[in-house]
There are 2 protein chains.
Amino acid sequence: MQQELKSEFTKQLIIDKAFNLFYEHGFKTTSIDKIMKETALSKGAFYHHYKSKKELGLEVIQLKVQKRVVDGMIAPLKEPGNAFDILESVFINRLKEFPFYDKQHGCPMNNFINELGDNEVLYQTALKSIIEKWKAALIELIERGKRENSIKQEISNQAVAVYLISSFEGIRGIRKLYDNDAILVDYLSGLQLYLKQIKV
Amino acid sequence: MQQELKSEFTKQLIIDKAFNLFYEHGFKTTSIDKIMKETALSKGAFYHHYKSKKELGLEVIQLKVQKRVVDGMIAPLKEPGNAFDILESVFINRLKEFPFYDKQHGCPMNNFINELGDNEVLYQTALKSIIEKWKAALIELIERGKRENSIKQEISNQAVAVYLISSFEGIRGIRKLYDNDAILVDYLSGLQLYLKQIKV
DNA sequence: ATATAAAAATACCAGTTAGTATGTTTTTGT
DNA sequence: ACAAAAACATACTAACTGGTATTTTTATAT
């Protein structure tokens, strides 16, 4: 039982260090050696717990990347309250709250999507699953807004959800290029305009 | 003179093959060896014309990546005609016209941004320059629309420009994950809604 | 024609890559 | 106490990486 705990602890350590390195330097250009140097364990330990780098990549996506999106963008949508207000505050506040490091390095999910999204069907599926969860939560919130009459009836839930996600991920990438938040301010004004269109 | 032409031809050949490989497999994971195998020339030839892989990367961005964006998204904005109609048709038609290969592999510029945007200031500057050109052309078109009264006066040119670019680049990445165009259809509906908001 | 310079080829380097083979140490059930 | 298994370490491989040094081929100017 103590062994099982140790194993779990080690795997978590590897996943954590791997996520940080993938986030900062990309998946393909982060080597197992670099990851294991961070954990202060050996390569042998890695290949005892994982059969390949691909397996680790998938776990990082499913456990770390997904968690970030769920905690930051999906779970808040399910809180009680005025649906429109929630939509507005989640998209606007989340972007403002990012630390400098996260603005500089973009969205981990978006990074994975752009690096691996056209590569391997397993990565594709894992990433698609996160997007679909996000989309479903948005659709449900918009529907809620329609029921409580805070969001216009005539708009397409799907379309608004996809458009919001697209622009959010797009700006998280573009922001990397700049050394200040001016572009984010423009994005937020543009987003406000969009939200005004769906508000009842 | 014949020598100069030959040199120019070779450089162009290297740039073309490099662009294709970068587009399909990413910049960092495409080796000089692979590029030169495509050109059927030797590594010696490469390092005769380029001092480093970084120098090639910059030329690919400045010559090939930029040209794609200019030809597809910027130049059409400068054509004569109703400003709103142009805005609508460029964003909508361009997305529909992409061949399968381009849908699968996303936007070359966006790929570079996400892979190298937080890496090196030289890449950053080269990519930022394309975004700024695009943004400027959009702002000018929106201004034109305001003058001819096809676009609402009260909206912020900057904000709309940045939001349009963000969502476009975002969806080009996300589309990679899917094997059909359903997500693009949703995006286009969402975009239509946005454009309706700025139409006079 | 020939010296010179540009273009390209060949051979190489030291470092890195994912992954393997084979150990040693630690935990566990008996 | 001890055999088995799990956790981890060490040493290694073959292929690949960006880049260099050196030589051969081709074009050019006189």
Side-chain angles (χ1 to χ4, degrees), chain A residues 1-61 112 115-116 119-123 126, chain B residues 1-61 112 115-116 119-123 126:
Chain A
M1 201 60 216
Q2 188 187 332
Q3 205 167 51
E4 206 173 300
L5 270 165
K6 194 181 183 187
S7 170
E8 205 46 55
F9 178 85
T10 298
K11 287 192 79 174
Q12 198 56 54
L13 180 67
I14 294 173
I15 288 175
D16 287 349
K17 299 298 184 186
F19 172 81
N20 291 338
L21 288 170
F22 293 162
Y23 186 23
E24 194 162 333
H25 305 291
F27 175 76
K28 294 188 218 161
T29 44
T30 297
S31 66
I32 307 295
D33 282 324
K34 281 180 204 152
I35 295 167
M36 295 316 284
K37 196 166 183 179
E38 285 288 307
T39 65
L41 290 170
S42 68
K43 203 168 196 172
F46 176 83
Y47 281 99
H48 175 71
H49 291 286
Y50 293 97
K51 76 171 215 283
S52 65
K53 189 185 176 185
K54 189 192 284 188
E55 191 178 271
L56 172 66
L58 281 171
E59 283 214 8
V60 167
I61 291 171
F112 270 100
E115 188 180 356
L116 302 175
N119 242 29
E120 276 279 349
V121 73
L122 283 176
Y123 295 129
Chain B
M1 202 59 216
Q2 189 186 332
Q3 204 168 51
E4 207 173 300
L5 270 165
K6 193 181 182 186
S7 170
E8 205 44 56
F9 178 85
T10 298
K11 286 192 78 174
Q12 197 56 57
L13 180 67
I14 294 173
I15 288 175
D16 286 349
K17 299 298 184 186
F19 172 82
N20 291 338
L21 289 169
F22 293 162
Y23 187 22
E24 195 163 333
H25 305 291
F27 175 76
K28 294 189 219 162
T29 44
T30 297
S31 65
I32 307 294
D33 282 325
K34 282 180 203 151
I35 295 167
M36 295 316 284
K37 196 165 184 180
E38 286 289 307
T39 65
L41 290 170
S42 69
K43 203 168 195 171
F46 176 82
Y47 281 98
H48 176 71
H49 291 286
Y50 292 97
K51 75 172 217 280
S52 65
K53 190 185 177 186
K54 188 192 284 186
E55 190 179 89
L56 171 66
L58 282 170
E59 282 213 7
V60 168
I61 291 172
F112 270 101
E115 189 180 355
L116 303 175
N119 242 28
E120 277 277 348
V121 72
L122 282 176
Y123 295 129

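A sub-4.0 Å separation between OP1 or OP2 of D:dC8 and a side-chain N or O of A:His49 is present. Proximity of A:Thr10 to the phosphate of D:dC8: a side-chain N or O atom is located under 4.0 Å from OP1 or OP2.
For the atom pair CG (B:Leu122) and CG (B:Leu116), the distance works out to 11.5 Å, reported to the nearest 0.5 Å.
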Produce the list of close N/O pairs, under 3.5 Å, pairing protein atoms with atoms of nucleotides 15-20 of chain C; give distances to one decimal.
{"from": "C:dT17", "atom 1": "OP1", "to": "A:Lys34", "atom 2": "NZ", "distance (Å)": "3.4"}
{"from": "C:dT17", "atom 1": "OP2", "to": "A:Ser31", "atom 2": "OG", "distance (Å)": "3.1"}
{"from": "C:dA18", "atom 1": "OP1", "to": "A:Lys53", "atom 2": "NZ", "distance (Å)": "3.1"}
{"from": "C:dA18", "atom 1": "OP2", "to": "A:Ile32", "atom 2": "N", "distance (Å)": "3.0"}
{"from": "C:dA18", "atom 1": "N7", "to": "A:Lys43", "atom 2": "NZ", "distance (Å)": "2.8"}
{"from": "C:dG19", "atom 1": "OP2", "to": "A:Tyr47", "atom 2": "OH", "distance (Å)": "3.1"}
{"from": "C:dG19", "atom 1": "OP2", "to": "A:Lys53", "atom 2": "N", "distance (Å)": "3.0"}
{"from": "C:dG19", "atom 1": "N7", "to": "A:Lys43", "atom 2": "NZ", "distance (Å)": "3.3"}
{"from": "C:dG19", "atom 1": "O6", "to": "A:Lys43", "atom 2": "NZ", "distance (Å)": "3.1"}

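Summary of helix geometry: the two end axes of the helix from C:dA1-D:dT30 to C:dT30-D:dA1, each defined by five base pairs via their C1' atoms, are inclined to each other by 10° (rounded to 10°).
At least one cation-pi condition fails for A:Lys54 and A:Phe27: the charged atom is not both under 6.0 angstrom from the six-membered ring centre and inside a 45 degree cone around its axis. No cation-pi contact links B:Lys53 to B:Phe46, judged by a cut-off of 6.0 Å to the six-membered ring centre and 45° from its axis.
To the nearest angstrom, P of D:dA11 lies 20 Å from NE2 of A:His48. Straight-line distance from the CG atom of A:Leu5 to the P atom of D:dA6: 16 Å, rounded to whole Å. Atom-to-atom, CD of B:Glu55 to C1' of D:dG19 comes out at 14 Å; the value is rounded to the nearest Å. If you take CE of B:Met36 and C1' of C:dA7, they are 11 Å apart, rounded to a whole angstrom. Rounded to whole Å, atom P of C:dA7 lies 10 Å from atom CD of B:Glu8.
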List the steps, then state whether side-chain hydrogen bond (donor to acceptor under 3.5 Å, both in side chains) holds for B:Asp16 with B:Gln12.
CA-CA 6 Å; B:Asp16 286 349; B:Gln12 197 56 57; 3.3 Å; yes

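Which of D:dA9, C:dA8, C:dA7 sits closest to the side chain of B:Ser7 comes down to C:dA7.
Across A:Ile15, A:Thr10, A:Leu13, a single residue satisfies side-chain contact (heavy atoms from CB on, under 4.5 Å) together with A:Thr39, and that is A:Leu13.
Non-hydrogen atoms lying under 4.0 Å from DNA chain C are contributed by nothing in residues 11-20 of chain B.
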